[in-house]
Amino acid sequence: MKMLNIFLYEFKHFIKSKAKLFTYLFFVLACIYSIYNGFNLQNNHLSTIENIQQQDDENISQVVNWFKNGETGPKDRDWIDVTDPYWCMRYSPTYVVKNPSSLLPLGLGQSEQYGYYKKVTIWSSPFDSDIVEEISNYERLINGNIDFSFLILFLLPLLLIILTYNLNGLEKDLKFDNLIAIQTGNSKNWILYRLIFYTTLLLTTVNALIISVVFINNILIADAVDLILLSNLYIFLFIIPFYFIIVFSSSSTSIAFKMISIWLMLCVLIPGSVHQYVSLKYPPNYMTDFLDANRKDTYAVFKLPKEELHHLLMGIYLDLDTTKQGQDSIINRTIVRNTMSAIVNQININAINKIEQQNDSKNDLIIGSYWFNPVSYFQNEWNTLTSTDYNSYKDYRKDIQYAVDNKLELLTFESWDQRKVNSKVYDKYLDKLKSTR
Amino acid sequence: MIKLKNIHKSFNQNKALDNLCLEVNPGEIYGLLGANGAGKSTTMNLLLGFLQPDSGSIEVFDSQNNLNNKKDKIGYIPENVNLYPYLSGIENLDYFCKIAGLKYKNEELKELLSECGLESDAHNKVTSDYSKGMRQKVGIAIALAKDASIYLLDEPASGLDPLASNELSEMLKKLASKGATILMASHDIFRVRETCNKIGILKKGKLVNEILSKDVSSNQLEEIYINFMKN
Amino acid sequence: MINILVNEWKGFFRNKLFVFLSLFFLISLCVVTFFGIIQNEKQLEEQKIAQEHIRLQWDQMEPSNPHSAAHFGSYAFKSTSILNSIDEGINAVTGNVLRLEGHKQNDVVFSEASQSLLISKFGKLKPALIFQFIIPLFLIFFSFNSYTSERSNGRLKLLLIQGASLRQIVFSKVFSIWVIGIVLLLASIIVQFVFNSTELSSDTFLRLILLLFTYAIYFFIIVTLTVLLSVIFKNSTAALSVTILIWVIWTIFLPSIIGKTAEEISPLPTRIDFKESMASDRSKGIDGHNPRGDRRQALEKATLEKYNVEKLKDLPINFSGILMQEDEEYGNKVWDKHFGSLYDQLKSQKNIYQISGFVNPFISLQNLSMGTSGTDMYHHLDFLSQAEKYRRVFIKSLNDEYAFGGSKTGQRGWKASNEFFRSVKEFQYQNPTFSSFYSKYIIDFLILLFWVSMLVIFLSFSSRKTLDI
């Protein structure tokens, strides 16, 4: 009963403090604004993806029309022949897109560091320069987006400081803490109950905002449960030390100073130090392995004689010996050269694996810091849940690689089988190209 | 009743209380006089349970050295009754009652405030507009609301105007007449003489003299006090 | 005033927490600056290795067709300035590698931020992070009650009776705390001087001095504002709450909000739209690989007329090289048009952002800190523009060799010698001097000075008006 009374009366304390009320409302409005921004970004992604898919469809129907009209390609380029699998593939650009997660409005994560659509040709790789992030202002990027996760992870603790720094601090400043102690019998409980009010307020606010996105985006609540739990756990990450600070400090200034120090340590200093250390240990990668694969090694492949190319391709696709070219004793230079991108692809894959491994070791170092760097943990977990973390984009890169592999395999086997493409065969190609990992 | 027996309390090397013995019975108002640093606040804090003695025993009611479960029967009025400045007098009283687990109706709270001399038109004003005397009255109302049988007052008349100071004396006498045990620490010789039945003079942590106020006039008390302080 | 100042410092140095924190920050700053320098040197070393690696491949090129060499291309690796060790600016989010090749202009790729999980939202622990986020808070905590405590304990009256004016007292408070910030700044700058002494040019020296001034002005703003609020508010807690709230709004909230607003006022195209409109303009030019285009026919005619021959094979030069260069020139115009307008958009966003310094001096500080450190957008655009300029010269030299190096039209198998390839200069990024950019930052300096003047005026006025002591 006593606890309930203290808890309920805290509402009165809260609304009587204009600064606290204003800050809280300001925070809620900022959250709504951030979610609105998130929805905007999600819609932009979706509409861009829709346009891309439309463009893809138009390209396909153009090829279908050529087949229908007995044409082999654009009228002004008569050397193009889409009945040849090589040209057919060139005119079947496949886009691999990363669809935004339905939880994207709740956290943009690293999405601004990566692209989300990629035109896959037989020369593509997941590290091509056309998969670079959207055009944006770099100076804005370093200041971050006012997205929901930023507000929760970085501003919510500051809101909590403003709401709680004078709990027991005001009483100590005005020297009636003794009176409180004699009234309550146990002022630690009194502080706890007051703190529970603000915890409840913040938990309710955060959960209500997350659930509102769940309803707007028609997501199953179960899909957002992890995010709700994570955000709630994060609030406790600050509430617990704040409780002890309040109990053991002598004034509201001292409380504020200690709370801000905790915030600075957890949100700025520790992540900043880890970042600096990681950068010292793993300086930015200039990707020379990939550049070599992409340029020097690729050019070396171009210079190889057809016999060598033939041999290398047979080594990549063991079943090629069942194809017409595979069984033919005379090597067709055009066919072999048209499919040599499969060799370049293998070189790229090896280089990419090296890069991914280097990045993975860097990530292992970051993950290893989580026990003393909890904010980075929460940040990356949050991004995982909204599919905007490094690993989500790594998965996307795998999707791209799969599409490249798929396309190259189809091209190689069909070219080596000297297939004549018609609309039926083309339909089959499309089915195969659309398959996903 | 309050009984302090052979209390010793030191902070670092400094003796704050040195073999203090003191007894206050129900219906009695005991005035503790002393200079700054004489040990008055330490005595109060020991009785409130905020400090523990190095040695000696404290009896409040009938139990020894365990004040925690008795705090609900102790009323405490500090030198400055500071309240939540953004709440009204009645809201402050309501809050302090609620955190003590007491439930009063609004009318009862108003009665309590009026009983303590706070004009009814001030009940709903925020306490940031209150004078020190008005806040003191809310403080007494808080203690009264607990239906306390022991009242501890730390310099309660400091900074009060004569009228407010007199009203405080009357209020304390009324409480004592109902059987309350009251211990009041103060510098104010005149007010202590007017209010208390028994007066103790504390010097460097020692109780150097105990006088019944009916036995001395204010001037005599002042003379005794100064003599003790000088020697 | 000196006496009040000295007295203030005595007070500070007798405060154990203050001494502890000051020493802590002093040591931290020296360590952080030192590690910043090490990290920067390591990054520069990596960049140098990558550049040399790529160049070696170029130098070892076997005799090849110059046009194939144009497709083989080269790479520009973004180098960092020495003062990147103080403020990294946008370097972590920009790409570091730019492929330079014929026919197309690529995007700069492989940003550091894309190579790992997210670590710090506010960047690496470099001196700028401490100067921008932590020292201001430290200064706030030591100045928020400088006036209110004097007033509440009655010392203010004593000082006034002794003949000091309220203004003197208040400004002494400001200066006494401000000097602490300056000492911390100097510590970091000295470490920078000591450990980078061999790399220090007059430009870097100028940049460091301006950096010092910028932070000094900002610290003055922070301290003056805090003392002003301490004068305005009756109690320390209220003064502290409001100052902290302002700090949060300035440092955490407004930079993002204003950045986003600037992007909405002056929107950037999506990459796909940008590429498409560039491709559409590009398709109107000569396609070096398409023999049937009208423009190609016209160029062919003009070249034949110039050399007074009737057939391409009769030309004393290789027409393909001329064709490729013409294609290149057209592509350059398209690049200039599209990237020109993109850069204009970015600059207009930057202008909006700079103007917002009037409501948030932190923005002016951030701009100047990145600007003087050579890590802001202007410096990045300079890198891109130098790389593009190099690409044009690089490709032109290859096309010229193709056209005029001794081959004739149709000699596809003709190869330029290794000596020729070795003679092509490699890309050397010249870090721009601050003087070439200074005009872009005048507004930020002026805004900071505006804040200083306004706060000094308000503080003088408030300290005259506040008689309820």
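Proteins come first, then strands; the chains are lettered A, B, ... in the order of their sequence lines, and each starts at number 1. All values derive from a computational prediction rather than experimental measurement.
For A:N383, the part lying near chain C is the side chain, with the backbone staying farther off; criterion is any non-hydrogen pair under 4.5 Å. In this structure, chain C has a heavy atom under 4.5 Å from the side chain of A:L264, while its backbone stays farther away. Interface remark: A:E356 contributes no atoms to any contact with chain C (heavy atom separation under 4.5 Å). Using a 4.5 Å cut-off between heavy atoms, A:F290 contacts chain C through its side chain alone, with no backbone atom that close. Contacts between A:Y277 and chain C at a heavy-atom distance below 4.5 Å are absent for every atom of the residue. Residue contact with chain C, scored on non-hydrogen atoms closer than 4.5 Å, involves the backbone and the side chain of A:F257 alike. Only the side chain of A:N37 comes within less than 4.5 Å of a heavy atom of chain C; its backbone N, CA, C and O stay farther away. Neither the backbone nor the side chain of A:W382 comes within contact range of chain C, judged by heavy atoms closer than 4.5 Å. Only the side chain of A:V278 comes within contact range of chain C, with heavy atoms under 4.5 Å apart. For C:I257, the parts sitting under 4.5 Å from any heavy atom of chain A are the backbone and the side chain alike. For C:I258, no part lies under 4.5 angstrom from a heavy atom of chain A. For chain C, the nearby part of A:Y114 is the side chain; its heavy atoms alone come within less than 4.5 Å.
For C:F25 and C:F138, the distance between ring centers is under 6.0 angstrom.
Looking only at heavy-atom pairs under 4.5 Å with chain A, the residue among C:N96, C:V108, C:D273, C:I140 that has the most is C:N96. Between chain A and the residues C:E88, C:K350, C:E45, C:E112, the largest count of heavy-atom pairs under 4.5 Å involves C:E112. In terms of heavy-atom pairs under 4.5 angstrom with chain C, the leader among A:P283, A:S261, A:C267, A:S369 is A:P283. Contacts with chain A were tallied for C:I244, C:L240, C:L245, C:I54; C:I54 has the most, counting heavy-atom pairs under 4.5 Å. When each of C:M377, C:Q349, C:E263 is checked for heavy-atom pairs under 4.5 Å with chain A, C:E263 comes out on top.
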Report the C-alpha separation of C:E41 and C:K48 in whole Å, then their side-chain angles, then the decisive distance to 0.1 Å, and conclude whether the salt bridge (charged side-chain N to carboxylate O under 4.0 Å, His left out) test is met. CA-CA 10 Å; C:E41 280 173 356; C:K48 206 175 144 207; over 6 Å; no

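Within a 6.0 Å sphere centred on CZ of A:F302, other residues, nucleotides and ligands contribute more than 12 heavy atoms.
With respect to the salt-bridge test (charged N to carboxylate O, under 4.0 angstrom), the residues C:D87 and C:K126 do not qualify. Classification of A:K394 and A:D360 as a salt-bridged pair holds, one side-chain N sitting under 4.0 Å from a carboxylate O. In summary, C:K415 and C:E62 do not engage in a salt bridge, as defined by a charged side-chain N under 4.0 Å from a carboxylate O.
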Anything under 3.5 Å between a donor and an acceptor, one on a side chain of residues 150-166 of chain A, the other on a protein residue two or more places apart or in another chain? List them.
unit_1	atom_1	unit_2	atom_2	d
A:T164	OG1	A:L160	O	2.6
A:Y165	OH	C:S241	OG	2.3
A:N166	OD1	A:K20	NZ	2.8

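Applying the side-chain hydrogen bond (donor to acceptor under 3.5 Å, both in side chains) criterion to A:S149, with sequence neighbours excluded, gives A:D147.
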